[in-house]
Asks: 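My questions will all concern the structure given below.
Order of the sequence lines sets the chain letters (A, B, ...), proteins ahead of strands, with each chain counted from 1.
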Amino acid sequence: MPSTQLHEPSPQQQSSTTMKDRLNWLWSEYSVIIAFLIIFIVASMMSPRFLDLTNQLNILMHVSIIGIISLGMTIIMLSGGIDLSVGSVLALVGVLTVMAMNASGSIIIGLLTACIVGAFAGFLNGILIAKGKIASFIATLGMMAGARSIALYTANGGSISSEVDGFSAISNSKLGMIHYPVIIFIIMTVLVFILMHKTRFGRYVYAIGSNEKAALLSGIRVDRVKIGVYSLAGLLVSAAAIIETSRLNSISSSSSGMQYELDAIAAVIIGGTRMTGGRGKIIGTFFGVLILGILNNMMNLMNVSTHLQGFVKGLIIIIAVVFQKRE
Amino acid sequence: MPDHPFLKMSQIDKAFNGVEVLKDVSLEVEKGEIHALLGENGAGKSTLMNILGGVHQPDRGKIVIDDSEIDMTNPRVSQQHGIGFIHQELNVVSDLRVYENMFLGAELRNKFGFVNVEEMCNQARDILGKLGVDIDPKAYVRNLDTSYKQLIEISKALLHESKLIIMDEPTTALAEHEVDRLFTLMRNLKHSGVSIIYISHKLKEIKAICDRFTVLRDGEVAGVGNLKEEDLESITKLMVGKSVSEERFTQAQEFGDVLLEVQGLTNVGLFRNINFQVHKGEIVGFTGLAGDGRTELFETLFGYRKKYTGNITIHDRLIKMDHPQKALKAGIGLVPKNRKENAIIKDLNVIHNMSLSSMSHFERLGLIQEKVEKSKFQHYKKLLNIKVHNPNVPIDRLSGGNQQKVVIAKWLEVNTDILIFDNPTQGIDVGAKREIYEHIVSLANQGKGIIILSSEAPEILKVCHHINVMYQGEITARFNGKTATEDTIMSYATGSKREGETNAEYTTS
């Protein structure tokens, strides 16, 4: 796997290190993939239906929305911040998108509205954090309350449905056997991976997350990079909102996007990104998202009460972090 | 010499991951002796001290304290046997008060189980008084100068009534008069029977304060002796395996055009009315004591501090400095002090640290060309003699000297006309120091304008053409590097003498 941020031992070093060191290295670098494989194998043993191709594709479909949000969350957390507003912003984007679409009758106008609203919410977060020097937790907590409130007010607290034909096709069409949202999620993952590992923007994000003052003294426009980070994450929320709205052809201002921020943060943490920034991988988040998806699926297949599912998820998050601490 | 030294470490072996770090090392320290432990970075000094401190366990060998053999299984055992360890990195909590830091983990309590603030403050005041430091035990550490933080560390060790104190480069953050005070205190400790193991790169200090020395080189004892009977030259030779002399590195030369002109630069509370020029090929030094404002002055010049009045002119262009990026574009580079906090990105690997300020040199169609980065790094690795086997490891795996070389490589790649070095040899061993001086001089010979900030007058004297001395935010004197002496510089740096701006002008020879 190409990885620019983390070191791979050179051949000569590898030959001199012991077996134990190599295992340690493998564990610290790829523990999330190993964990994924273990959970995958356990799941397939516990439920015969788990391995069905339709079930597998179903899992991917279910995780695609959280997955896209988690990509943005990864970038934010790598820069040393956090974004609590993603769920609320998703609801707001959905509401305004449907309204714009119903008013204009054009899907294109709807998609444009979605992108503008999401990116603007992210941009505001970025301005507050970078220029206003407000802690990201506080700034996005404010945005979380504010965006949800505007969504509720605009939609009178209820759901609104799209009246434009063809909008629901975005989430409900397939290419071959694969749903569009899955394809969008995978394309986004690849694009964000390239952005983070192959461009200067990505390099700057890692640098800022690791040592902001040194990054500034290296001549990096820290403020602009941060605003870019939050705006981009907002744009990814837009994409997630379009998929969410299109799936049921409607959006609920009160319940859509509820606790998405927690699932996204969980996926990023399980994926091995450090809370304080500077360290982590897009690939890790990808598998973190899959782990959460498999857990949900497994509990559904095994008829675990929905009330207990949160407990299991919480347990897995804590176990994941405890194991990662060992490195 | 008595046969029973206070501390005897004998035939210590230690290897990390199969790499031998210490080979058959022995160390003896008498009661009431100040013993210098010398060696370049990576010679094994820290490992040896960590073994004594109980942080690491030796593979072979034994430690005897006061005639009884001790198994140093953890730092607590070491503390119980009276060993106090003052680390190079400051372990103070800035959000706590001075006395809270000193008593951290050993708070005094009254009979109700509440902390006894009064008693702790009194004891803290006593110890600080012994050190001759006038700070309120109730002051918050975050409001204090770095040098005071160091003194708090030292007070902490004194508080625990250690019988042997390890001091790992305690003077790096101290101004000269504070160093003198520390030395007086060390002599007092010595007379009261406390032994001290003193680690430093500053040989003059060692000569002044220590009784005997042990030199480590590549994990082995290269020499043991009495400091009175050896001169600095021969000790240096033991450390590096070759001789490093005290000669000046710069030669008199013709300077080119004015690169940088600063007029009436003021930042209220930090510095005021600063005027100077830097020419092509010139090395200008700024020195003074802690709190003289020189670091803040050049952070302002580099766009890190935005509020200032006065003019900054580069290449005859007036520039409003409000961001480091602007300074970089205008042609100023800064190798900051406190490498760990200000210069290196510890999660990025060595190559990425090198390329961080000049990403556009490595891009094609917006994508980073890692091959180009790598080959460029190989170029600097050879040029600056950076010792690293695998440049893909995180930068904090390198020794201090090599980290600093990577930071210098970063600015060489940006290729600015003016380079500011703030404390460029902080925590760097003798050999690497010399290399860095040589590179600085060769950069000036290539026509760059160089500014060096340092609290060490000898360092400034060695490399600078012209020297500015600062005291409390003002330039109090200017000297020609060839004719200045350490004593005259000190008298202006301490504020005991001062010249007006007008007669402070030096002649450009």
Asks: Is it the case that over 12 heavy atoms from other parts of the model lie below 6.0 angstrom from the NZ atom of B:K23?
Replies: yes
Asks: Pick one of side chain, backbone, both or neither for B:S360, based on which atoms fall under 4.5 Å of a heavy atom in chain A.
Replies: both
Asks: For B:I344, does its backbone N or O pair with a side-chain atom of A:N211 as donor and acceptor, under 3.5 Å?
Replies: yes
Asks: In Å and rounded to the nearest 0.5 Å, what is the OH to CE distance from A:Y204 to B:M359?
Replies: 6.0 Å
Asks: Need one label for B:K329: side chain, backbone, both or neither, based on atoms under 4.5 Å from any heavy atom in chain A.
Replies: neither
Asks: Tell me, side chain or backbone of A:I208 under 4.5 Å from chain B's heavy atoms, or both, or neither?
Replies: neither
Asks: Check whether more than 12 heavy atoms from other residues, nucleotides or ligands sit under 6.0 Å from atom CZ of A:R224, and answer yes or no.
Replies: no
Asks: Tell me whether the count of non-hydrogen atoms from other residues, nucleotides or ligands lying under 6.0 Å of CZ in A:F123 goes above 12.
Replies: no
Asks: Rounded to the nearest 0.5 Å, what's the gap from CD1 on B:I345 to CD on A:E212? Could you check?
Replies: 10.0 Å
Asks: Output the distance between atom CG (A:L217) and atom CG (B:L356), rounded to the nearest 0.5 Å.
Replies: 11.0 Å
Asks: Taking the side chain from B:S357 and the backbone from A:S218, do they hold a donor-acceptor pair closer than 3.5 Å?
Replies: yes
Asks: Does a sphere of radius 6.0 Å around CZ in B:F298 hold more than 12 heavy atoms from other residues, nucleotides or ligands, not counting ones at 6.0 Å or beyond?
Replies: yes
Asks: Around B:K320, counting heavy atoms of other residues, nucleotides and ligands shown, do more than 12 lie under 6.0 Å from its NZ?
Replies: yes
Asks: Show your reasoning for whether side chain to side chain contact (heavy atoms under 4.5 Å, CB included) applies to B:H323 and A:D223.
Replies: CA-CA 11 Å; B:H323 195 281; A:D223 292 358; 5.9 Å; no
Asks: Go through B:L328, B:N342, B:N353 and name the one with the most non-hydrogen pairs under 4.5 angstrom from chain A.
Replies: B:N342
Asks: Using 0.5 Å steps for rounding, measure from the NZ atom of A:K198 to the CD atom of B:E363.
Replies: 13.0 Å
Asks: Taking A:R203 first and then B:E373, would you say they form a salt bridge - that is, a charged N and a carboxylate O separated by under 4.0 Å?
Replies: yes
Asks: So what's closer than 4.5 Å to chain A heavy atoms on B:E341: side chain, backbone, both or neither?
Replies: backbone
Asks: Please evaluate residues A:Y206 and B:D347 with respect to the criterion side chain to side chain contact (heavy atoms under 4.5 Å, CB included), reporting the C-alpha separation (whole Å), side-chain torsions for both, the decisive distance (0.1 Å), and the verdict.
Replies: CA-CA 8 Å; A:Y206 277 97; B:D347 293 309; over 6 Å; no
